[in-house]
Amino acid sequence: PYFSLSIFFFTALGNIVSKGHISRTMKKILSLALLSGLGAAAAFVGPQHYGRAAVALQSGPQPGETREERLRRRELARLEKEKLLEESPSGAGSLIGQLPCDCKSGKYYAGCCGPVHEAFFKETNNPQDAMPKDLIRARYSAHPKGLADFIIGTTHPTHPEYTTDVDGWRREIVEFCKCVEFIKFKVLSEDTIDETTQTVTWAARMRVLPSLLSEENVQTKEFTERSIFVLEDDRWWYAGPDEEFEATNVLVEGPKPKKPPGGPKPKAPNKAVRKTAAASRK
């Protein structure tokens, strides 16, 4: 929907420029805005498309799939990815790369999470390029950008919510991203368990359903988690939350959940009270 709205806006802008309803100076300004806007829209949408090819390339055998069918599927996905990579601008070299990164690090996207996203989609990542603290930041910033395939492709199969239904998983992530505004993220600590296991403790703040509810009904929540990362196949994977850590989900702003109607149910009288009442009736 964001891409459709962008095309509608920039098409209308182009019509205004071409029909000469504005001054010559303003024409130049709006023409530059038109070109820059289309570049940003392409940068936003590009990774979404070639991300699906990356997921297809990195996924294992599908149920009932023969070796020949898998090789054919991977070859078609590789050709599609190469074609789309040629058409899609790099996040680091496009206009979107000069915007603040969504992980709230204070850096530009091109100098923060952008290279991590690009490395995944182009299959050039190695463990030192995306360490766990970098990967958790990149996973967070992938949500506001709608990069569902990056989130799926960096999740280890041992994660409790991992599923082979990639299409359904992708739809769930996209719907979640539409319903939440991501406003704060911070890495609190990182620890090395062994050569192939690390943990990262982080906090994130989000506004729930801001596009659907009135401002006074929007809840702002802050989450904390200690995430486990494992090194496998020469890269780090998100394996899920550490169950030994007490994660939090705190309401920061907004209305508190309403209590069920009718109030609390009355407690049943204890045995002593029931005996006294029975004796008085006699």
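Remember, it's a predicted structure, so these values are computed and weren't measured experimentally. For the numbers below, each heavy atom of this structure counts, side chains included, while hydrogens, waters and symmetry mates do not.
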Would you call the rings of Phe182 and Tyr140 parallel, tilted or perpendicular if under 30° counts as parallel and over 60° as perpendicular?
-> perpendicular
Geometric cation-pi criterion, Arg171 with Trp169: 6.0 Å, 45° | no
Quick one: does Asp134's side chain have a donor or acceptor within less than 3.5 Å of a partner on Met131's backbone?
-> yes
Working for salt bridge (charged side-chain N to carboxylate O under 4.0 Å, His left out), residues Arg207 and Glu215 = CA-CA 10 Å; Arg207 300 180 75 232; Glu215 187 63 28; 2.6 Å; yes
Same apolar cluster (I L V M F W Y, side chains within < 4.5 Å links), Leu231/Ile193 | no
Would you name the heavy atoms of Val218 and Pro255 that are closest together and state the gap between them?
-> O-CD, 3.9 Å
Indicate, with yes or no, if Val180 and Trp202 share a hydrophobic cluster defined by side-chain heavy-atom contacts under 4.5 Å among Ile, Leu, Val, Met, Phe, Trp and Tyr.
-> yes
Side-chain heavy-atom pair Arg137, Val187 within 4.5 angstrom cut-off = yes
Could you check if a side-chain atom of Asp191 sits within less than 4.5 angstrom of a side-chain atom of Thr199, using non-hydrogen atoms only?
-> yes
Looking only at non-hydrogen atoms, find the nearest pair between Thr154 and Phe120 and report the distance.
-> CG2-CD1, 4.3 Å
So, for Phe245 and Thr201, which heavy atoms are closest and what is the spacing to 0.1 Å?
-> CZ-CG2, 4.1 Å
Write down the atom of Pro132, the atom of Val200, and the distance for their closest heavy-atom approach.
-> CB-CG2, 3.8 Å
Atom CD in Glu232, atom NE2 in His156: separation rounded to 0.5 Å?
-> 3.5 Å
Closest approach of Ala204 and Phe185, non-hydrogen atoms and distance?
-> CB-CD1, 4.0 Å
Rounded to the nearest 0.5 Å, the CG atom of Leu135 sits from the CD atom of Gln198 at a distance of 11.0 Å
Do the side chains of Val250 and Ile183 join up, straight or via other hydrophobic residues, at under 4.5 Å, putting them in one cluster?
-> no
For Glu225, enumerate each residue passing the salt bridge (charged side-chain N to carboxylate O under 4.0 Å, His left out) test, keeping only those at least two apart in sequence or located in another chain.
-> none
Report yes or no: does Thr192 contribute a side-chain atom to a donor-acceptor pair with the main-chain N or O of Asp194 at less than 3.5 Å?
-> no
Roughly how far, to the nearest 0.5 Å, is the NZ atom of Lys104 from the NZ atom of Lys184?
-> 11.5 Å
Euclidean distance, Leu209 CG relative to Ser214 OG, rounded to 0.5 Å = 11.0 Å
Would you please test Met206 and Gln219 for side-chain contact (heavy atoms from CB on, under 4.5 Å) and show each step?
-> CA-CA 8 Å; Met206 310 172 192; Gln219 290 184 334; over 6 Å; no
Donor-acceptor side-chain pairing of Arg139 and Thr155 below 3.5 angstrom = yes
To the nearest 0.5 Å, how far apart are OG in Ser105 and NZ in Lys186?
-> 13.0 Å
Is it possible for you to say whether Ile136 and Leu188 belong to one hydrophobic cluster, with membership spreading through side-chain heavy-atom contacts below 4.5 Å?
-> no
Near Glu244 CD, under 6.0 Å, is it more than 12 heavy atoms from other residues, nucleotides or ligands?
-> no
So, for Trp237 and Phe229, is the gap between ring centers shorter than 6.0 Å?
-> no
Thr224 to Ala203 - nearest heavy-atom pair and separation = CG2-CB, 3.8 Å
Kindly determine whether Asp242 and Ile228 satisfy side-chain contact (heavy atoms from CB on, under 4.5 Å), including the steps that lead there.
-> CA-CA 6 Å; Asp242 186 351; Ile228 300 175; 3.9 Å; yes
Applying salt bridge (charged side-chain N to carboxylate O under 4.0 Å, His left out), name anything that partners Arg205, two or more places apart in sequence or on another chain.
-> Glu222
Does the side chain of Ile151 come within less than 4.5 Å of His143's, by heavy atoms?
-> yes
Would you mind reporting whether Pro241 and Ser227 have side-chain heavy atoms less than 4.5 Å apart?
-> no
Compute the centroid of each ring, for His159 and then for Tyr238, and state whether the two points are separated by less than 6.0 Å.
-> yes
State yes or no: are the ring centers of His117 and Tyr109 separated by less than 6.0 Å?
-> yes
NZ/NE/NH1/NH2 to OD/OE distance under 4.0 Å, Arg170 and Asp167 = yes
